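Reviewing the structure listed below.
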Amino acid sequence: MAKFGTTKYIVRQPIKDLQGTVLGYEIRYTGENTGYNGEEGQDFSAAETIYNFLTQASDTTFKGAMNFMTFTTNLLMKQTPKLFSPEELVIEIGESAILHPLAMRFVERYRQEGYAIAVKDFQFSPRFISNLRQFDYVMMDLPHAGDASVRRLAEMVHSMGKKCVVTGVDTEELYQKAFILGADALCGRYAAEQMFTAVHSASYLQSNFFRLLVAVTKDEPEVDEIEQIISMDASLTYSLLRIVNSAYFALRNRATNVHQAVTILGLGQLRQWIYLMGCRNEKGELDENQEEMLKLSFTRASFASELMRYAKNMPITRNDAYLLGMFSTLQFLIAAPLEDILSEVAISLDIKDALLNHEGRCGLLYDLILAYERADWAAINRMGAELGLPMDRLPEIYFQCLDEVNHIWEQLIHSGGEEEA
């Protein structure tokens, strides 16, 4: 296995405002936590991240989102940010760029070209303060900053029309503190978890939706039972026929009944459609937080399934692993304790133990996925080695899964609302 510091892991962490809306994603990578020293080492880390980002991510991986990515002075001067469009990039700089005599000239030029600028690890020093007008986002590490410093920074940037972003929000205490101190946005493990608010959808969850969820997760699902449940609910039937007859499937002949629709979708896509229906509100729509919750559910499912190609001595199948990832957010969908929900669903004891108690090798797989999400590189290496995973391939697998989620999203969300003429 590659030694820690040689494998480049890349993960995106959401930056959310106080209402839970995602402003963008900070692209995190091992270079920030490994032992690189000096400007040359920082250049190497940042360049490696950008290279991996461009080579492993497809054109659609991060479309439609603002990506906060670190650029060193040399990368700024080499005009590396121009590899990305201003609509999808926030140029993030640190102290080395602030102190460089030429770097801020390039930063000003990028701002004039439409790029947003963020400064991380802000300090109350003349150099930082004198350049404050150049920044759209001012970031401060909450665990290592005094309360007075964060409050003072928030007041200062607000007076200039800027946004204060606090990072390292990994606990509930820090999450609450960020609100009190006047931060505009938050980034960190606990902050990310708070996007998953319970979803109540009386049209589905209180009646046929849960019965349908149980039916499709049986060891041997009965198609007749699934069709009967859907057929008994006009809302479910309408939604199913609408998505199957959408432009995505491009059918020569429209599906006119539930049986035809279920046959076209297949069990795998049917499960995804059911989750989507469970998250929609009474108007059949998803808000931004619900979208993020569902995307995470699909990402975990895809990641778990792909890692099963390499994990050693696993007691479950790839399909089981997909359910492990999908069910990891189920309590937010149904608004009930996960233990109660899983007691009604026909899944293996290994998956239940993993989700409820983080036990066994399935629990290890689940914990690795959670560690990747929070950019805990030491835990990733430790658990990956124990599972026998090819550590140098994890970033590639991760990006492939994000692409798959985007594909699902295009299919279930966007195409689902466009019926064939």
Side-chain angles (χ1 to χ4, degrees), residues 1-11 13 30 33 170 189 192-193 196 213-214 216-221 267-268 271-272 275 293 295-333 337-402 404-405:
M1 187 195 77
K3 294 182 179 179
F4 182 60
T6 58
T7 299
K8 298 294 178 295
Y9 302 130
I10 304 175
V11 67
Q13 292 190 336
T30 53
N33 292 336
D170 294 335
R189 183 176 69 251
E193 292 170 353
F196 312 126
L213 181 65
V214 172
V216 298
T217 55
K218 289 182 177 179
D219 290 336
E220 296 182 5
L267 187 60
R271 288 187 183 126
Q272 295 163 357
Y275 266 74
M293 183 273 287
K295 283 181 180 179
L296 179 77
S297 187
F298 290 161
T299 300
R300 287 180 177 177
S302 179
F303 202 19
S305 178
E306 286 302 309
L307 291 177
M308 280 291 294
R309 295 181 183 273
Y310 310 97
K312 304 294 190 278
N313 303 318
M314 297 300 294
I316 59 173
T317 66
R318 288 189 64 204
N319 286 336
D320 290 333
Y322 191 92
L323 290 180
L324 169 69
M326 190 69 82
F327 281 11
S328 66
T329 61
L330 197 57
Q331 70 270 34
F332 304 110
L333 175 63
L338 185 59
E339 185 173 6
D340 293 346
I341 298 169
L342 294 181
S343 67
E344 302 291 335
V345 181
I347 58 175
S348 73
L349 290 177
D350 291 300
I351 293 179
K352 291 183 180 180
D353 286 342
L355 291 172
L356 296 175
N357 306 310
H358 299 263
E359 293 180 349
R361 292 190 69 77
C362 295
L364 192 63
L365 177 67
Y366 179 42
D367 286 343
L368 182 140
I369 292 171
L370 298 180
Y372 204 101
E373 290 175 2
R374 64 176 183 265
D376 187 345
W377 314 123
I380 293 169
N381 278 271
R382 174 177 54 79
M383 291 185 285
E386 191 169 345
L387 287 167
L389 299 176
M391 305 307 293
D392 59 336
R393 293 208 59 200
L394 288 192
E396 175 188 350
I397 296 170
Y398 177 73
F399 278 116
Q400 288 175 349
C401 292
L402 290 178
E404 180 178 337
V405 169

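The structure displayed is predicted, hence computed values, not measured ones.
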* To do: Sequence neighbours left out, what passes side-chain contact (heavy atoms from CB on, under 4.5 Å) with Arg318? Give chain and number order.
  => Ser305, Glu306, Met308, Arg309
* Structure fact -> Between Leu370 and His358, the two heavy atoms sitting closest are CD1-CE1, 3.9 Å
* Compare all side-chain heavy atoms of Ile380 with those of Met391 and state whether any distance is below 4.5 angstrom. => yes
* List the atom of Ala354, the atom of Gly363, and the distance in Å for their closest heavy-atom pair. => CB-N, 3.4 Å
* Distance from Phe327 atom CZ to Tyr322 atom OH, nearest 0.5 Å? -> 11.0 Å
* Pairwise distance CG(Asn313) to CG(Leu364) - rounded to 0.5 angstrom -> 11.5 Å
* Does a side-chain heavy-atom distance below 4.5 Å link Ser328 with Ser297? -> no
* Minimum heavy-atom distance Glu373-Leu296, with the two atoms named -> OE2-CD1, 3.2 Å
* Structure fact -> For Leu356, the side-chain contact (heavy atoms from CB on, under 4.5 Å) test, sequence neighbours excluded, returns Leu338, Glu339, Leu342
* To do: Evaluate the side-chain proximity of Asp350 to Met314: yes if any heavy-atom separation is below 4.5 Å, no if none is.
  => no
* Structure fact -> Contacts of Asp376 meeting side chain to side chain donor-acceptor pair (under 3.5 Å) (sequence neighbours excluded), chain-then-number -> none
* Any side-chain heavy atom of Leu387 sitting closer than 4.5 Å to one from Tyr310? -> no
* Asked: In Å and rounded to the nearest 0.5 Å, what is the CD1 to OH distance from Ile397 to Tyr372?
  -> 9.0 Å
* Structure fact -> Of all heavy-atom pairs linking Lys312 and Gly388, the shortest is NZ-O, 3.7 Å
* Structure fact -> From the list Ile351, Asp353, Leu324, side-chain contact (heavy atoms from CB on, under 4.5 Å) with Tyr366 holds only for Leu324
* Show your reasoning for whether side chain to side chain contact (heavy atoms under 4.5 Å, CB included) applies to Leu323 and Ile316. => CA-CA 11 Å; Leu323 290 180; Ile316 59 173; over 6 Å; no
* Could you tell me whether the side chain of Ser302 reaches within less than 4.5 Å of the side chain of Tyr398, counting heavy atoms only? => no
* Distance-minimising heavy-atom pair for Leu267 and Val216 -> CD1-O, 4.0 Å
* Asked: What distance do Cys362 atom SG and Asp320 atom CG have between them, rounded to the nearest 0.5 Å?
  -> 8.0 Å
* To do: Please report the closest heavy-atom contact between Ala304 and Ile369, naming both atoms and the distance.
  => CB-CD1, 3.6 Å
* Asked: Can you list the steps and then say if Arg300 with Met326 is a side chain to side chain contact (heavy atoms under 4.5 Å, CB included)?
  -> CA-CA 7 Å; Arg300 287 180 177 177; Met326 190 69 82; over 6 Å; no
